[in-house]
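Below, all heavy atoms of this structure are taken into account, side chains as well, without hydrogens, waters or symmetry copies. Throughout, protein chains are lettered first and strands after them, A, B, ... in sequence-line order, and every chain is numbered starting at 1. As the structure is a computational prediction, the values presented were derived from the model and not from experiment.
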Amino acid sequence: MTQTEASSPSDFIREIIENDLKTNKHGGITATRFPPEPNGYLHIGHAKSVCLNFGIAMQYGGTCNLRLDDTDPSGESLEYVDSIINDVHWLGFDWGGRLFYASDYFEKLYQFAVELITAGKAYVCSLSADEIREYRGSFTEPGKESPYRNRSVDENLDLFQRMRAGEFEDGAHVLRAKIDMASSNVVMRDPILYRIKKEPHYRTGTDWLIYPMYDFAHCLSDAIEGITHSICTLEFDNNRALYDWIIEQLITGRRPRQIEFARLNVSYTLLSKRKLIELVDKGYVAGWDDPRMPTVAGMRRRGYRPEAIRKFCSIIGVAKNENLVDISLLEHCVREDLNEVAPRAMAVLRPLRVVIDNYPEGQTEEFEVPNHPQNQAMGTRKVPFSRVIYIERDDFHENPPKKYRRLGPGREVRLRNSYVLKYERAVKNEHTGEVLELHCTYDKDTRQGPPPDGRKVEGVIHWVSAEHAVPAEIRLYDRLFNVPEPAAESDDFLKNLNNGSLEILTPCYLEPSLKNAAPGSACQFERLGYFCADNKDSRPGKPVFNRVVTLRDSWQKISGQGTI
RNA sequence: UGGGGCGUCGUCAAGCGGUAAGACACAGGAUUUUGGUUCCUGCAUUCGGAGGUUCGAAUCCUCCCGCCCCAGCCA
């Protein structure tokens, strides 16, 4: 990570931290944490939080813990833990051995609960789930006190211990904080702290039959770890009162402070874990790492680099406004990153065969071609040329539209890094009229240089020598949804799925230098976009490329339609 | 409806009483063997609305309007 990245722009959270540092509130310490629940893969919204928490720690010389908030065994699994660990690491962050699990604190948490009971601040409630809901009241009416609210400390202690021992079935009892059933904040109406759940936990197995609720576990986990700033999203705003209440009852000395910021939303995609799970489970995508998914794994497979994701997270800012960030900003960050580091190459996606009639049969020559037009340090490569080449079907038009600068009757174009090519005739299917191949001639005096007679050749197209071409499968990805807010009408986001979000092209033809592309490596196919050898399916000799993102395309704007 | 949060350009977002940063998007133009990159230029007389305080308000006060969150034994 570079220095400029670390010295991120200011936001209200950093403002708070800098102020706390100034007043020495936490003894000069800044300790944050990233606390995902291992019940799904990390997505770009999590990435924002990761960058925020780890970024702050780096910036202020503090620490950031990676904590798996695994207090509800249903849905949690090791697979998710592994993916989270891998993703945070891949994003470029290091927790320096401070990898924690809320489940490691179960015993401590239990003791805290006992302490609360002993202090008369918590009780075992034996109302049913439905009754508890009824007793809770509504936004306008206060709740009613549970008939079990005034059980003696001894009875509560006994019952709680027996809950732990497994004497009762799920739902028979819960542990509740004794706060205020008439509070205007519903969260404070004697919130549940522990529930019986006889479900094996992926880490603690069957050791525990009761599990702490988020509100109880999270604040205390923060306290246990000595977190100074507990950064979370806005929907926990209401819970802060409870966070503070629990800490107030049980923790002396330095106390963590919860700060909320607005979660990220990105247009044309979804960041709701529930809905992402649905996409995976129902097979609308090929898995959590499908390149169309907004997951870290998906973006990695798509070919996004962590640098681009970090840049995006830094550029969107941190505030409390409800937001919908335009996905074009993410794409911009990806292009900006790849433009600098991706070597250029030529590949033809939808091949049209071209015979160069005046090029000697059997002859082959090689061009020395730069790998990056603006960066000589990236070196050069050899690209073979011969009598038969492939060009993009789209780079030829029998009746060229206005402003079209490519090949057509009576026209010539520059073959990138090579000669000027002149159209002669087209061979067509006599029934359908489909253009089967082109016959052209080349100007041998234009080898990688301008025509000696000074004539202007406007268009430049890419090509691949047929004899040397490497066939490949190329996967074209587009936005997963075709509306900016697929979840706006919450019930049926599936109807907004973009049916054209994946198009598989084969065979495509690559220049030989791409033949053994390393899986995961990205390059630019000139004039087309950035592509990345698929990290699962690509093999040396049998490349499979994913389109990361197209190039900006001002022709598309002029012509009013896609060119790829 | 009770409580909480939030309203600054199409989208993010600075601004913290001294007279509206920046980015993306968009629109022009220059350079270009990628219709790419790069480089110029334009893009909020106005900050949800209405009052008020002040020499001066996006920033302070009052009222109003709109959007989001909370009634899981999820997090």
What does B/C26 pair with, Watson-Crick or G-U, if both distances are under 3.5 Å?
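Result: B/G42.
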Hey, mind stepping through A/N53 and A/S49 against side-chain hydrogen bond (donor to acceptor under 3.5 Å, both in side chains) and telling me if it holds?
CA-CA 6 Å; A/N53 280 293; A/S49 179; 3.3 Å; yes
Do the side chains of [X] and [Y] get close enough for a salt bridge, i.e. N-O under 4.0 angstrom?
X      : Y      : result
A/E458 : A/R414 : no
A/E412 : A/K422 : no
A/R305 : A/D337 : yes
A/R381 : A/E368 : no
A/R350 : A/E392 : no
A/R274 : A/E278 : yes

Reckon A/Q448 touches a base, only the sugar-phosphate, or nothing at all at heavy-atom distances under 4.0 Å?
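Base, at least one base atom sits under 4.0 Å.
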[X] side chain: which of [options] is closest?
X      : options             : result
A/R136 : B/U37, B/U33, B/C73 : B/C73
A/T140 : B/G36, B/U1, B/C74  : B/U1
A/T71  : B/C6, B/G36, B/A75  : B/A75
A/I558 : B/A71, B/C69, B/G35 : B/G35
A/E235 : B/A14, B/C73, B/C69 : B/C69
A/S138 : B/C74, B/G5, B/A71  : B/A71
A/I316 : B/C12, B/U34, B/A71 : B/C12
A/V325 : B/G4, B/C74, B/C12  : B/C12

Contact under 4.0 Å: [X] side-chain N or O vs [N] OP1/OP2:
X      : N     : answer
A/R527 : B/G35 : yes
A/N321 : B/A13 : yes
A/S554 : B/G36 : yes

Sugar-phosphate or base contact per nucleotide [nucleotides 25-30 of chain B; S, B, -; heavy atom under 4.0 Å]
SSS---
Quick one: sort the A/F531 and A/F525 rings into parallel, tilted or perpendicular, breaks at 30° and 60°.
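Parallel: the ring planes of A/F531 and A/F525 meet at under 30°.
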Starting at CD of A/Q524 and ending at P of B/G35, how long is that distance when rounded to a whole Å?
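Atom CD in A/Q524 sits about 10 Å away from atom P in B/G35.
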Can you check the distance between [N] and [M], where both ends of the measurement are the [atom1] atom (answer in whole Å)?
N     : M     : atom1 : answer
B/G22 : B/C43 : P     : 11 Å
B/U1  : B/C68 : P     : 13 Å
B/G42 : B/A21 : P     : 13 Å
B/C63 : B/U53 : C1'   : 15 Å
B/C26 : B/C74 : C1'   : 43 Å

Quick one: which of A/W208, A/F106, A/Y101 gives a ring pair (Phe, Tyr, Trp, His ring centres under 6.0 Å) with A/H201?
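Per the ring pair (Phe, Tyr, Trp, His ring centres under 6.0 Å) rule, the option paired with A/H201 is A/F106, out of A/W208, A/F106, A/Y101.
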What's the verdict on ring-ring contact (aromatic ring centres under 6.0 Å, His included) for A/F216 and A/Y194, showing C-alpha distance, side-chain angles and the deciding distance?
CA-CA 8 Å; A/F216 190 69; A/Y194 266 89; 5.7 Å; yes
So, do A/V348 and A/I391 sit near enough that their side-chain heavy atoms are less than 4.5 Å apart?
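No, every pair of side-chain atoms sits at 4.5 Å or beyond.
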Between A/A129 and A/R416, just flag the one whose closest nucleotide in RNA chain B comes earlier from the 5' side.
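Checking each residue's closest nucleotide, the 5'-ward one belongs to A/R416.
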Name the residue closer to the 5' end of RNA chain B, choosing between A/F236 and A/N185 according to the nucleotide with the nearest heavy atom.
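With A/F236 and A/N185 compared, the 5'-side residue is A/N185.
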Face-to-face contact A/Y214 to B/A75 six-ring, under 5.5 Å, under 30°:
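Check failed, A/Y214 does not stack on base of B/A75.
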Under 5.5 Å between ring centres and under 30° between planes: true for A/F139 and the base of B/U1?
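Not stacked by the 5.5 Å and 30° rule.
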Among residues 186-201 of chain A, which contact RNA chain B at a heavy-atom distance under 4.0 Å?
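RNA chain B contact set from residues 186-201 of chain A: A/V186, A/I192, A/R195, A/K197.
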Would the base of B/U38 count as contacting A/Q374 through its side chain, where contact means a donor and an acceptor less than 3.5 Å apart?
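Donor-acceptor pair under 3.5 Å: no.
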Kindly say whether, by distance alone, the side chain of A/R406 makes a donor-acceptor pair under 3.5 Å with the base of B/G35?
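Yes, a donor-acceptor pair under 3.5 Å.
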